[in-house]
Amino acid sequence: MVDLLKEVLGWTSVVLYILLTIFNSMKFTRYAAFASATNDTVWSILMGWWPKVILNLSVNAINAYRYVKDFTKTGKAVVNTLAAIMATAILYITYIAISAFIAEPTLTVALQYGDLIIIVAALYMTSLKNYRMLMLLSGFVGMAGYFGNPQMMIIKALVIAIMSYKLYSTRHMTKDQQLAEIINR
């Protein structure tokens with residue numbers, strides 16, 4: 001039964017990732033990102049992929065925070081308290097996961113943490129080109145880290161294809177043209 005649940009959650013992850021790439025509305029993108037990260041958190045826990053659990057909890061926390069802040073009239077104190085609770089929980093899980101990795105390090109888990117670090121670094125980029133280059137690198141590192149899992153291989157292949165296309169198709173654009181592309185979406 002658990003194996004079937006892992007398969008369903010894995011393929012749901014692929015579908016949700018594809019949906020994330022096609023939405024043009026920020027509100028629908030937030031819904032899809034929240035659904036995707038929630039699905040992936042449960043799937044990652046079942047698979048024992050703690051770096052992916054940390055990543056998806058972080059994505060969920062950011063999406064929940066931005067949704068509450070942008071689309072509701074919740075007070076600032078409540079929003080900040082929610083953010084503090086989520087950050088504390090993520091830090092605790094990170095501590096447990098890293099402690100487990102230090103106790104029994106493997107190359108596969110090291111690559112998964114490398115993928116996590118690259119994705120987090122990409123999220124902090126202010127340049128779209130740098131973001132795309134880091135996400136392209138994440139595709140290759142993640143493919144090695146999750147090698148053997150067909151759903152993650154498909155997701156990472158999609159990341160590689162999408163980022164390669166975006167980097168190639170915008171290679172001659174000026175920064176102003178790239179900014180206009182982002183604003184028009």
Please round to the nearest 0.5 Å and tell me the distance separating atom [atom1] of [X] and atom [atom2] of [Y].
{"X": "S13", "Y": "N56", "atom1": "OG", "atom2": "CG", "value": "7.5 Å"}
{"X": "I96", "Y": "I93", "atom1": "CD1", "atom2": "CD1", "value": "9.0 Å"}
{"X": "L57", "Y": "I90", "atom1": "CG", "atom2": "CD1", "value": "5.5 Å"}
{"X": "K129", "Y": "L167", "atom1": "NZ", "atom2": "CG", "value": "7.5 Å"}
{"X": "I162", "Y": "M135", "atom1": "CD1", "atom2": "CE", "value": "9.5 Å"}
{"X": "L55", "Y": "D115", "atom1": "CG", "atom2": "CG", "value": "7.5 Å"}

Worksheet entry | Those residues that, when tested against T74, pass side chain to side chain donor-acceptor pair (under 3.5 Å) (two or more places apart) | T72
Fill in: For N60, side chain to side chain donor-acceptor pair (under 3.5 Å) partners two or more places apart
T38
Worksheet entry | V8: hydrophobic cluster co-members (side-chain, 4.5 Å) | L4
Fill in: Hydrophobic cluster of V68, others only, ordered by chain and residue number, side-chain cut-off 4.5 Å
Y65, V79, L82, M86
Fill in: Residues K156, S138; criterion side chain to side chain donor-acceptor pair (under 3.5 Å); working and verdict
CA-CA 8 Å; K156 290 303 181 176; S138 163; 3.2 Å; yes
Worksheet item: Between F140 and L136, is any pair of side-chain heavy atoms under 4.5 Å apart?
Response: yes
Worksheet item: Mind checking whether V59 and F34 have side chains closer than 4.5 Å, heavy atoms only?
Response: no
Discussion item. Within the supplied structure, the quantity of interest is the number of heavy atoms (other residues, nucleotides, ligands) at a distance under 6.0 Å from Y131 OH; does it exceed 12?
Written reply: no
Enumerate, atom names and distances included, each donor-acceptor pair closer than 3.5 Å involving a side-chain atom of residues 147-155, sequence neighbours excluded.
| residue | atom | partner | partner atom | Å |
| --- | --- | --- | --- | --- |
| N149 | OD1 | Q151 | N | 3.2 |
| N149 | OD1 | M152 | N | 2.9 |
| Q151 | NE2 | E7 | OE1 | 3.3 |

Fill in: Closest approach of S36 to L16 (non-hydrogen atoms, all atoms of both residues)
CA-CD1, 3.6 Å
Worksheet item: How far apart are the closest heavy atoms of I118 and L134, and which atoms are they?
Response: CG2-O, 3.1 Å
Discussion item. For a side-chain contact (heavy atoms from CB on, under 4.5 Å) check, start with the C-alpha distance between Y113 and I98, then their side-chain angles and the critical distance, and finish with the verdict.
Written reply: CA-CA 9 Å; Y113 276 109; I98 290 174; 4.1 Å; yes
Worksheet entry | Residue pairs fulfilling ring-ring contact (aromatic ring centres under 6.0 Å, His included) with at least one residue in residues 40-59, sequence neighbours excluded | W43-W49, W49-Y146
Hydrophobic cluster identity match, [X] and [Y], side-chain contacts under 4.5 Å:
{"X": "M125", "Y": "I160", "value": "yes"}
{"X": "Y92", "Y": "L116", "value": "no"}
{"X": "I102", "Y": "V53", "value": "yes"}
{"X": "Y165", "Y": "L19", "value": "no"}
{"X": "V159", "Y": "I117", "value": "no"}

Discussion item. With a 3.5 Å distance limit and no angle check, can you tell me whether Q112 reaches the backbone of G145 through a side-chain donor-acceptor pair?
Written reply: yes
